Asks: 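Sharing a structure with you now.
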Amino acid sequence: RAGGGMGSIVQARNRETGQPASIKILHASYARHEEFVGRFIQEARAAGRLSHPNIIKVYNVGKTSNGRYYFTMELVKGSTLTQRIAGMPPEEAARMFLEIADALDYALKRGITHRAIKPDNILICADREPTLTDLGIAVLDPQDFAQSGPRVLGTTHYISPEQSPGQLLTA
């Protein structure tokens with residue numbers, strides 16, 4: 001079991017295919033708040049619209065009969081970049097940086113801005129490939145920048161320079 005601020009992640013297996021998967025489950029305390037439910041569903045939709053080797057794949061999103069929101073995604077076994085960065089050879093770090101930059105460019109060209117890029121949201125698989133995760137505060141549409149207003153979302157040490165003083169985001 002793992003997870004972030006909004007939910008927990010458990011390993012599972014697809015009943016139909018037998019394929020391993022992960023299920024992200026929204027914390028019950030957030031399920032009563034429309035904003036958190038919206039952000040959770042937005043994360044699933046944002047990732048679900050993307051097909052890139054360095055972006056986690058989301059399969060479906062739903063709500064259980066007892067009111068728990070969830071989405072299923074590929075199972076990525078590995079550790080976070082935070083856990084692996086110390087002692088990483090510069091060449092490997094540069095390669096990973098370029099792969100994540102390519103993934104972000106791919107997403108941006110499809111109208112999705114991640115807004116939470118940090119080492120904890122990059123998983124390093126056993127094959128040493130980086131996978132971008134956690135699109136919980138992604139913006140799906142450029143119009144959302146204006147609608148979201150000057151609210152600051154994200155981890156303080158990793159937010160963009162324009163967010164720090166509360167300015168509107170730009171792509």
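For the numbers below, each heavy atom of this structure counts, side chains included, while hydrogens, waters and symmetry mates do not. Predicted model, so just to flag it, every value in this text is computed and none were measured. When a residue number appears, it is its place in the shown sequence, counting from 1.
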Asks: Are the side chains of Ile56 and Glu74 in touch, meaning some heavy atoms are under 4.5 Å apart?
Replies: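 Heavy-atom side-chain distance check passes, below 4.5 Å.
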
Asks: Heavy atoms only: give me the nearest Asn14-Thr17 pair and the separation to one decimal.
Replies: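 Nearest heavy atoms, Asn14 then Thr17: OD1-N, 3.0 Å.
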
Asks: Could you give the distance from CD1 (Ile23) to OG1 (Thr64), rounded to the nearest 0.5 Å?
Replies: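 So the CD1 of Ile23 and the OG1 of Thr64 are separated by 11.0 Å.
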
Asks: Which residue in the set Leu123, Ile117, Asn54 passes side-chain contact (heavy atoms from CB on, under 4.5 Å) when paired with Leu132?
Replies: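 Only one of Leu123, Ile117, Asn54 forms a side-chain contact (heavy atoms from CB on, under 4.5 Å) with Leu132, namely Ile117.
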
Asks: Taking the six-membered ring for Trp, are Tyr30 and His27 parallel (under 30°), tilted (30 to 60°) or perpendicular (over 60°)?
Replies: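 Ring orientation of Tyr30 relative to His27: tilted.
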
Asks: Examine distances only and state if a side-chain atom of Arg110 and a backbone atom of Arg49 form a donor-acceptor pair shorter than 3.5 Å.
Replies: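 No.
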
Asks: Decide, yes or no, whether a salt bridge links Arg95 with Glu99 under the criterion of side-chain N to carboxylate O below 4.0 Å.
Replies: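 Yes, charged N to carboxylate O under 4.0 Å.
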
Asks: Say you draw a straight line from CD1 of Ile85 to CE of Met96; how long is it, rounded to the nearest 0.5 Å?
Replies: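 Rounded to the nearest 0.5 Å, the CD1-CE separation comes to 8.0 Å.
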
Asks: Take Met88 and Arg128, measure what side chain to side chain contact (heavy atoms under 4.5 Å, CB included) needs, and give me the verdict at the end.
Replies: CA-CA 11 Å; Met88 183 180 287; Arg128 307 187 88 63; 5.8 Å; no

Asks: Could you tell me if the side chain of Ser51 sits less than 4.5 Å from the side chain of Tyr106, heavy atoms only?
Replies: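 In short, these two side chains touch, coming nearer than 4.5 Å.
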
Asks: Just by modelled atom types, is the Thr80 backbone N or O under 3.5 Å from a matching donor or acceptor in the Gln83 side chain?
Replies: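 Pair found, side chain donor or acceptor close to backbone of Thr80.
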
Asks: How close do Thr131 and Cys125 get, heavy atom to heavy atom, and via which atoms?
Replies: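 Between these two residues, the closest heavy atoms are OG1-SG, 3.6 Å.
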
Asks: Work out which heavy atom in Pro130 is nearest to a heavy atom in Ile122; give both atom names and the distance.
Replies: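 Scanning both residues, the minimum pair turns out to be CB-CG2, 3.8 Å.
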
Asks: Listing request: all ring-ring contact (aromatic ring centres under 6.0 Å, His included) pairs with a residue in residues 53-74, at least two apart in sequence or in separate chains.
Replies: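 Qualifying pairs: Phe40-Phe71.
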
Asks: How about His33 and Arg39: do any of their side-chain heavy atoms sit closer than 4.5 Å?
Replies: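 They are not in contact (no side-chain heavy atoms under 4.5 Å apart), so the answer is no.
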
Asks: Which heavy atom of Ala47 sits nearest to which heavy atom of Val58, and what is that distance?
Replies: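 The pair with the smallest heavy-atom distance is CB-CG2, 3.3 Å.
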
Asks: I'd like to know if Phe97 and Leu81 are part of one continuous hydrophobic network [Ile/Leu/Val/Met/Phe/Trp/Tyr, side-chain heavy atoms within less than 4.5 Å].
Replies: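 Different clusters.
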
Asks: Any side-chain heavy atom of Asp102 within less than 4.5 Å of one from His52?
Replies: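 Yes, their side chains come closer than 4.5 Å.
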
Asks: Just by distance, do the side chain of Ser22 and the backbone of Met73 share a donor-acceptor pair under 3.5 Å?
Replies: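 Not at all, since once roles are kept as given, no pair shorter than 3.5 Å links the two residues.
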
Asks: How long is the gap from NZ on Lys24 to OG1 on Thr72, to the nearest 0.5 Å?
Replies: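 Going from the NZ atom of Lys24 to the OG1 atom of Thr72 covers 13.0 Å.
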
Asks: Report whether Ile55 and Leu75 are members of the same hydrophobic cluster (ILVMFWY, side-chain heavy atoms less than 4.5 Å apart, transitive linking).
Replies: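 Result: no, two separate clusters.
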
Asks: Between Ala31 and Gly67, what is the shortest heavy-atom contact and its length?
Replies: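 That would be CB-O, 4.2 Å.
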
